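Everything numeric here is computed off the predicted structure, so don't read it as measured data.
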Amino acid sequence: MQKALTPRGSLRAMYETMALIRAVETSLLDLFSKGKLRGTVHTGIGQEAIAAGVVAALDPDRDVLCSNHRGHGHYLAYCGDARGLIAEIMGRADGVCKGVGGSQHLHKKNFYSNGILGGMAPVSVGMAMAEKTRKSGAIVVQFAGDGALAEGAFYEAFNMAALWKLPYMLVVEDNGYAQSTPKALEQAGRLADRAKPFGIRVIEADGNDAEAVHEAAETLAEHIRSGNGPGVLYCTTYRLAPHSKGDDIRDKAEIAEAWTREPLVNARAKLAPDFCDAVDAAVAAHVRDIIEALT
């Protein structure tokens, strides 16, 4: 039987988060095409349910989030600061990191991101060691894609986190591709099993279903907070947009099929159409107002 969702983890609340992420990232791609942005832009369009579901299961005043190069959705789910994010990627001094962090290197309160593939694994485990030493009760959550699991640093991190029973949660967003390389051409074996030899608990979830992600994240967070050591939440999803604003060599029919089962489509099937339409209109107006004020 499915657990009752917390208010922050209600599907209505998570739809609002997902709609904001989608509106912001769609606008970022449009701004990039017009030459309005600095640097690069890696969007997570199609992966919104993971950000919304996981973050809604955490304590934003205590837990620590460590993101990666595809971290806009994680950031927005954490704090909703669309203006600060857009201004940052535009290189403006009023951005969240004064315009010097850009798309990949963000920091606000307990949120950190780093563009080095797999680079946050040792950092986040070190943070988890610090939180355990402080007895804060906080969990350190790291987001990583399936391609990042090819990095050896993860296995050193798994070993230390398991050995010392650290409050560390790895959220894997398996979208099937490392940039443009299919997972089957790069990774041997089942990636969801990679942490199991270390005695780390792994929960798998449908990354296109916000409710399933949220329930799994809450279960794993409770396990970790109880002093049982680290855990891995393994979510299968699909990236609908290009790796980074440019060419996409994936099969167009494959992408079109993925659009029929993406997170917002799934959520809309369970919610009242009037509610979803109102949310979509509100976030579109909000993002449009931000962009008009910044450009």
Side-chain angles (χ1 to χ4, degrees), residues 3-9 13-14 17 50-68 71 73-81 96-97 101 105-114 116 118-144 148-149 151-173 194-205 213-235:
K3 294 193 304 183
L5 295 171
T6 61
R8 291 179 62 243
M14 291 190 291
T17 298
I50 302 175
V54 170
V55 176
L58 303 176
D59 181 348
D61 296 322
R62 177 172 55 164
D63 295 330
V64 180
L65 276 70
C66 295
S67 186
N68 54 16
H74 310 144
Y75 178 83
L76 292 169
Y78 171 68
C79 65
D81 179 23
V96 63
C97 293
H105 301 96
L106 303 168
H107 167 58
K108 184 168 185 172
K109 297 180 181 178
N110 291 341
F111 183 95
Y112 306 84
S113 69
N114 188 310
I116 298 174
M120 288 300 274
V123 174
S124 54
V125 167
M127 289 178 168
M129 182 63 182
E131 296 301 331
K132 181 175 181 177
T133 301
R134 293 173 54 218
K135 299 181 180 179
S136 68
I139 295 174
V140 178
V141 179
Q142 180 193 357
F143 291 89
L149 290 184
E151 297 291 332
F154 272 101
Y155 305 98
E156 296 173 340
F158 285 159
N159 183 63
M160 296 174 73
L163 184 65
W164 296 335
K165 290 192 173 182
L166 300 181
Y168 166 71
M169 182 193 299
L170 174 66
V171 178
V172 179
E173 299 177 284
R194 292 286 173 88
K196 290 181 180 178
F198 298 91
I200 295 174
R201 183 177 182 183
V202 179
I203 299 180
E204 298 182 51
V213 172
H214 181 267
E215 182 177 0
E218 279 202 324
T219 298
L220 198 55
E222 182 179 352
H223 170 81
I224 295 169
R225 282 195 217 280
S226 297
N228 296 305
V232 172
L233 175 56
Y234 197 94
C235 301

How close do [X] and [Y] get, heavy atom to heavy atom, and via which atoms?
{"X": "Gly9", "Y": "Ala56", "result": "CA-CB, 3.9 Å"}
{"X": "Cys235", "Y": "Ile50", "result": "CB-CD1, 3.6 Å"}
{"X": "Gly118", "Y": "Ala148", "result": "N-CB, 4.2 Å"}
{"X": "Gly53", "Y": "Ala217", "result": "O-CB, 4.3 Å"}
{"X": "Pro230", "Y": "Ala161", "result": "CD-O, 3.3 Å"}
{"X": "Val55", "Y": "Ala77", "result": "CG1-O, 3.4 Å"}

[X] versus [Y]: any side-chain heavy-atom pair under 4.5 Å?
{"X": "Glu218", "Y": "Glu222", "value": "no"}
{"X": "Val213", "Y": "Val54", "value": "yes"}
{"X": "Leu170", "Y": "Leu149", "value": "yes"}
{"X": "Val140", "Y": "Cys66", "value": "yes"}
{"X": "Arg225", "Y": "Ile139", "value": "yes"}
{"X": "Ile224", "Y": "Tyr168", "value": "no"}
{"X": "Leu106", "Y": "Ser67", "value": "no"}

Quiz item: Going by the salt bridge (charged side-chain N to carboxylate O under 4.0 Å, His left out) test, which pairs reach into residues 125-143, not counting sequence neighbours?
Solution: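 Residue pairs passing salt bridge (charged side-chain N to carboxylate O under 4.0 Å, His left out), neighbours aside: Glu131-Arg134.
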
Distance check, rounded to the nearest 0.5 Å: [X] atom [atom1] versus [Y] atom [atom2]?
{"X": "Ile200", "Y": "His223", "atom1": "CD1", "atom2": "NE2", "answer": "9.5 Å"}
{"X": "Asn110", "Y": "Cys79", "atom1": "CG", "atom2": "SG", "answer": "11.0 Å"}
{"X": "Phe111", "Y": "Asp63", "atom1": "CZ", "atom2": "CG", "answer": "13.5 Å"}
{"X": "Leu58", "Y": "His214", "atom1": "CG", "atom2": "NE2", "answer": "8.5 Å"}
{"X": "Tyr234", "Y": "Glu204", "atom1": "OH", "atom2": "CD", "answer": "8.0 Å"}
{"X": "Ser113", "Y": "His107", "atom1": "OG", "atom2": "NE2", "answer": "10.5 Å"}

Exercise. Given side-chain contact (heavy atoms from CB on, under 4.5 Å), test Asn68 with His74 step by step and report yes or no.
Key: CA-CA 9 Å; Asn68 54 16; His74 310 144; 3.9 Å; yes

Quiz item: Is the backbone of Met120 close enough, under 3.5 Å, to the side chain of Asn114 for a donor and an acceptor to pair up by distance?
Solution: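 Flag not set: sc Asn114 to bb Met120 has no pair under 3.5 Å.
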
Quiz item: Is the centre of the Tyr75 ring less than 6.0 Å from the centre of the Tyr78 ring?
Solution: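 Here the rings of Tyr78 and Tyr75 have centres that are no less than 6.0 Å from each other.
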
Taking atom [atom1] of [X] as the centre, report whether more than 12 heavy atoms of other residues, nucleotides or ligands fall under 6.0 Å from it.
{"X": "Ile116", "atom1": "CD1", "result": "no"}
{"X": "Met127", "atom1": "CE", "result": "yes"}
{"X": "Lys108", "atom1": "NZ", "result": "yes"}

Exercise. Can you label the angle between the Phe158 ring and the Tyr155 ring as parallel, tilted or perpendicular, going by 30° and 60°?
Key: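 Judged by the thresholds at 30° and 60°, the geometry between Phe158 and Tyr155 is perpendicular.
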
Quiz item: Between Phe154 and Gln142, is a side-chain contact (heavy atoms from CB on, under 4.5 Å) present by the stated rule, with each step listed?
Solution: CA-CA 11 Å; Phe154 272 101; Gln142 180 193 357; 3.6 Å; yes

Practice problem: Check the pair Thr219, Arg201 against side-chain contact (heavy atoms from CB on, under 4.5 Å), reporting the backbone distance first and the verdict last. | Solution: CA-CA 11 Å; Thr219 298; Arg201 183 177 182 183; 3.8 Å; yes

Quiz item: How would you list, by chain and number, every residue that makes a salt bridge (charged side-chain N to carboxylate O under 4.0 Å, His left out) with Lys196, sequence neighbours excluded?
Solution: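 Scan of Lys196 (salt bridge (charged side-chain N to carboxylate O under 4.0 Å, His left out), adjacent residues dropped) gives Asp193.
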
